[in-house]
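What follows is one structure encoded as structure tokens, with my remarks underneath.
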Amino acid sequence: MVNTKVTLSGWELDNPVIPASGTFNFGKEFADFYDINMLGTFSFKGTTREPRFGNPTPRIAETPMGMINSVGLQNPGIHAVIEHELPELKKIFNKKVIANISGYSVEEYVYCCQLIDKEEQVGIIEVNVSCPNVHGGGMAFGTDPKNVYEVTKAVKAVTTKPVYVKLSPNVTDIVEIAKAAEAGGADGISLINTLLGMRIDLKTKKPVIANKMGGFSGPAIFPVALRMVYQVAHAVNIPVIGMGGVSSAEDVIEMMMAGATAVQVGAANLVNPYACKEIIEDLPRVMEKYGIKDLNDIIGIA
Ligand code: SIN
């Protein structure tokens, strides 16, 4: 019998496997495939103050071992999430959820986080300063340590729940950005969001994606994500949720050895809707194979 339970800021999860924001919507689509209560939890779609239709299509390009998306934060807006999505989710999910909040200004992050903080279904607020697909918001915040500090501090001033800041890998020094979030009062760090990438269609001679560029994710980015999780986990004194190309129980264990307390699974859900279920079911076997009795024993062991 192995122990898969992990704790994030005092919140005990049955296992460390968490579908990543933007790959699980608000849960109900996946509940048609399996009982999503088996998940550690999940992070819901990045939510902004106003509803957003998102970017023009095509928004997706395939790559070897991955994909590029330029969804553009399509979401129903914070008020619809609170009034409709969370009550719907309550019918099918009996755990708390991670609320992923995106924005275009410090005021917008503050507005949304203050509202979502009041929702008892929310366990952690994940402040997304790393979306590469919008202009003037998202990643524009996450690539400047001063902005990261300012957003984190402002959100912390109006919230009571743990605040995790989701970082962009599209920076020179990820440690500097993570430290800025920690200095601003972050309770944890989520990383990495997608890498900025592009594809060109040889027939049309134009970018595949209407917005030209987008966020590259999938197994190809796993070593980059692992490296950044390792660097950040060794530099800060707050928990790290690792993500980026995770698609197997072995990847989850590797991320935890790099320093992650929990692990998000993103693009894999889009390839196989059962990905998280299969990873959770396989975790005890892989733990036994490598002589791991308790996942907590391997966090940062590398
Ligand atoms: C998107 O909606 O464009 C993706 C969200 C993100 O990368 O944070």
Side-chain angles (χ1 to χ4, degrees), residues 18-26 29 42-63 66-78 80-81 85 98-105 108-109 112-113 116 124-144 147-148 151-152 155 163-171 174 177 181 189-199 207-218 220-221 224-225 228 241-246 264-270:
I18 303 171
S21 176
T23 66
F24 216 73
N25 203 24
F26 291 88
E29 293 80 1
F42 76 93
S43 179
F44 69 51
K45 175 63 191 164
T47 295
T48 50
R49 179 166 47 196
E50 314 300 339
R52 284 182 53 86
F53 184 74
N55 288 339
T57 57
R59 296 170 167 181
I60 300 288
E62 292 189 22
T63 71
M67 60 175 281
I68 300 175
N69 91 81
S70 180
V71 172
L73 291 175
Q74 179 174 350
N75 79 91
I78 189 75
V81 168
E85 299 296 346
I98 297 179
N100 186 288
I101 300 297
S102 300
Y104 286 81
S105 63
E108 183 174 0
Y109 283 106
C112 294
C113 290
I116 210 70
I124 284 176
I125 301 172
E126 185 170 64
V127 176
N128 182 8
V129 290
S130 47
C131 174
N133 300 325
V134 291
H135 299 289
M139 194 175 88
F141 275 95
T143 48
D144 181 338
N147 287 343
V148 171
V151 173
T152 311
V155 166
V163 170
Y164 282 47
V165 181
K166 183 167 176 180
L167 301 188
S168 171
N170 302 300
V171 295
I174 192 76
I177 309 278
I189 305 284
S190 296
L191 83 162
I192 60 173
N193 203 324
T194 51
L195 290 146
L196 196 60
M198 80 181 285
R199 301 290 328 250
V208 173
I209 287 180
N211 209 31
K212 297 192 176 88
M213 296 168 202
F216 177 33
S217 61
I221 74 163
V224 177
M228 289 192 165
I241 302 179
M243 75 197 80
V246 174
Q264 294 191 7
V265 178
N269 295 306
L270 308 180

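Every number for a ligand or one of its atoms is a count from 1 in the order of the listing. All values below come from the heavy atoms of this structure, side chains included, with hydrogens, waters and symmetry mates left out.
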Sorted by chain and residue number, the salt bridge (Lys or Arg N to Asp or Glu O under 4.0 Å) partners of Glu108 (sequence neighbours excluded) come out as none

Got a sec, which residues hit side-chain hydrogen bond (donor to acceptor under 3.5 Å, both in side chains) with Arg59, two or more places apart in sequence or on another chain?
Gln74

Glu62 CD: over 12 foreign heavy atoms closer than 6.0 Å:
no

Side chain to side chain, Ile60 and Ile68, heavy atoms closer than 4.5 Å
no

Sequence neighbours left out, what passes side-chain hydrogen bond (donor to acceptor under 3.5 Å, both in side chains) with Thr48? Give chain and number order.
Asn75

Would you compute the distance between atom CD1 of Ile125 and atom CD1 of Ile101 and round it to the nearest 0.5 angstrom?
7.0 Å

For ligand 1, what is the set of protein residues having any non-hydrogen atom at a distance below 4.0 Å?
Lys45, Asn69, Val71, Gly72, Leu73, Asn128, Cys131, Pro132, Asn133, Asn193

